[in-house]
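Structure first, commentary second.
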Amino acid sequence: MIPDHVTLVEVGPRDGLQNEPLPVATAHKIELVRRLVVAGLREIEVTSYVSPKWVPQMADNAQVMAAVPRQSGLRLSVLVPNMLGLQAALAGGAATRPDEVVIFGAASQAFSQRNINCSIEQSIERFAPVVVAAHEAGLKVRSAISCALGCPYQGEVTADEVEHLVKLFKQLGVDHCGVADTIGVGTPRRVQAVMERALKHYPLDQVSGHFHDTYGQALVNIHACLELGISTFDTSVAGLGGCPYAKGATGNVATEDVVFMLQGMGISTGIDLDALVDAGAYISDALGRAPVSRVGKALLIKRGRVFA
Ligand code: HMG
Ligand code: MG
């Protein structure tokens, strides 16, 4: 049942960098994506077309999209919360065009309100024309279901609440179902229970897990998903993400850590771990800190790097 190949969707350039409190140079973002491509990542969430007032770090979306590498077999995605976002993502024509858009809703009303300033029902109304127009433009549409394992405002989130949103996205014609543990509180059996709800509506190859590692549960939750046959996961190089000033907030599970675990299990990813560690070191140096990735740090120390 455990898959022999896993696809990792690198979300570091978007989910990882969006919370950085100081501006990250556009050139660093572009070089990060270039290095990720060199390392063998073939699905990369590059940026988001959201309000720059809400997320100033992603305001250079079009410049980044215009300069990142393009090659066949490489799928670049961007987040779009509404039609305005999709129109902006398509405005530059071929030069800035993504291959895929991600619409993002929440399993809890409270998080939907805080994150995208509308209820779950209103978000579905906003997403409906986005899905149609994105498909007309030849783009794949992926969803992210935030707070699938718990909400910072509501607390517990039930599998029924998650399945409700899965069904709404399915009815809209969304191609792929991303299940996100936004605050990293999920544990393996609960993760499996929620994933089984998604798998009632989507095939195995169109369900993915997105685990923030706040409570150190991400790797074991990925393993729990592998046991169900799920083979796509979002990960963030160097463990980028979270706000350094928000106590306890952390990023997605580090891509290096996941690749190391999968390699050890004999599961292929197509990713060159050494080149990935280079990419993680590059962006961590640019941000002025050590990689959060345990594997990244360990391999860099082995190469002779010294961290304070
Ligand atoms: P709103 O204020 O409710 O929207 O924001 P509005 O339609 O009333 O528009 C207000 C202003 O925003 C207007 O500008 C619009 O033009 C502008 P003004 O007239 O005031 O100058 N606007 C936009 N500008 C650029 N791009 C757009 C856009 N839409 C409106 N697409 C909105 C609604 C959703 C836009 C806002 O709440 C927003 O941008 N939120 C940011 C959400 C976000 O990026 N969150 C982080 C990503 S999600 C995530 O990290 C979770 C995930 O990783 C999974 C997980 O871990 O859970 C995916
Ligand atoms: Mg996230």
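Whatever order the structure lists them in is the order used to number ligands and atoms, beginning at 1.
When distances from the Mg ion (ligand 2) to the N, O or S atoms of D15 are compared, OD2 comes out shortest. The Mg ion (ligand 2) sits nearest to atom NE2 when only the N, O or S atoms of H210 are considered. For H212, the N/O/S atom at the shortest distance from the Mg ion (ligand 2) is named NE2.
Of the residues L79, V9, T232, the one that meets the side-chain contact (heavy atoms from CB on, under 4.5 Å) test with R142 is V9. Between H210 and the choices D15, T235, D181, the side chain to side chain donor-acceptor pair (under 3.5 Å) rule is met once, by D15.
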Discussion item. Let's go through L17 and L32 carefully: what are the C-alpha distance in whole Å and the side-chain angles of both, what is the deciding distance for side chain to side chain contact (heavy atoms under 4.5 Å, CB included) to 0.1 Å, and is it a yes or a no?
Written reply: CA-CA 11 Å; L17 296 182; L32 171 62; 4.3 Å; yes
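Considering every non-hydrogen atom in both V24 and H28, the closest pair reads CG1-CB, 4.1 Å.
Remark: the Q18 side chain and the R14 side chain contain an N/O donor-acceptor pair separated by less than 3.5 Å. Side chains of D60 and T26: a donor on one and an acceptor on the other come within 3.5 Å.
Among the atoms of D234, no N, O or S atom falls under 2.8 Å of the Mg ion (ligand 2).
At least one side-chain heavy atom of V6 sits less than 4.5 Å from a side-chain heavy atom of L226. Counting only heavy atoms from C-beta outward, the side chains of L199 and L204 approach each other to under 4.5 Å.
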List below, pair by pair, the N or O atoms of ligand 1 and of the protein that are less than 3.5 Å apart, including the distance to 0.1 Å; reply 'none' if no pair qualifies.
| from | atom 1 | to | atom 2 | distance (Å) |
| --- | --- | --- | --- | --- |
| ligand 1 | 3 (O) | N117 | ND2 | 2.7 |
| ligand 1 | 20 (O) | K53 | NZ | 2.9 |
| ligand 1 | 21 (O) | K53 | NZ | 3.0 |
| ligand 1 | 26 (N) | V50 | O | 3.3 |
| ligand 1 | 29 (N) | N82 | ND2 | 2.9 |
| ligand 1 | 31 (N) | Y49 | O | 3.0 |
| ligand 1 | 31 (N) | N82 | OD1 | 2.9 |
| ligand 1 | 31 (N) | G85 | N | 3.3 |
| ligand 1 | 39 (O) | S51 | N | 2.9 |
| ligand 1 | 40 (N) | N115 | O | 3.2 |
| ligand 1 | 45 (N) | N115 | OD1 | 2.9 |
| ligand 1 | 50 (O) | R14 | NH1 | 2.9 |
| ligand 1 | 50 (O) | Q18 | NE2 | 2.9 |
| ligand 1 | 53 (O) | R14 | NH2 | 2.9 |
| ligand 1 | 53 (O) | D15 | OD2 | 3.0 |
| ligand 1 | 53 (O) | H210 | NE2 | 3.3 |
| ligand 1 | 56 (O) | H210 | NE2 | 3.0 |
| ligand 1 | 56 (O) | H212 | NE2 | 3.0 |
| ligand 1 | 57 (O) | S146 | OG | 2.5 |
| ligand 1 | 57 (O) | T182 | OG1 | 2.5 |

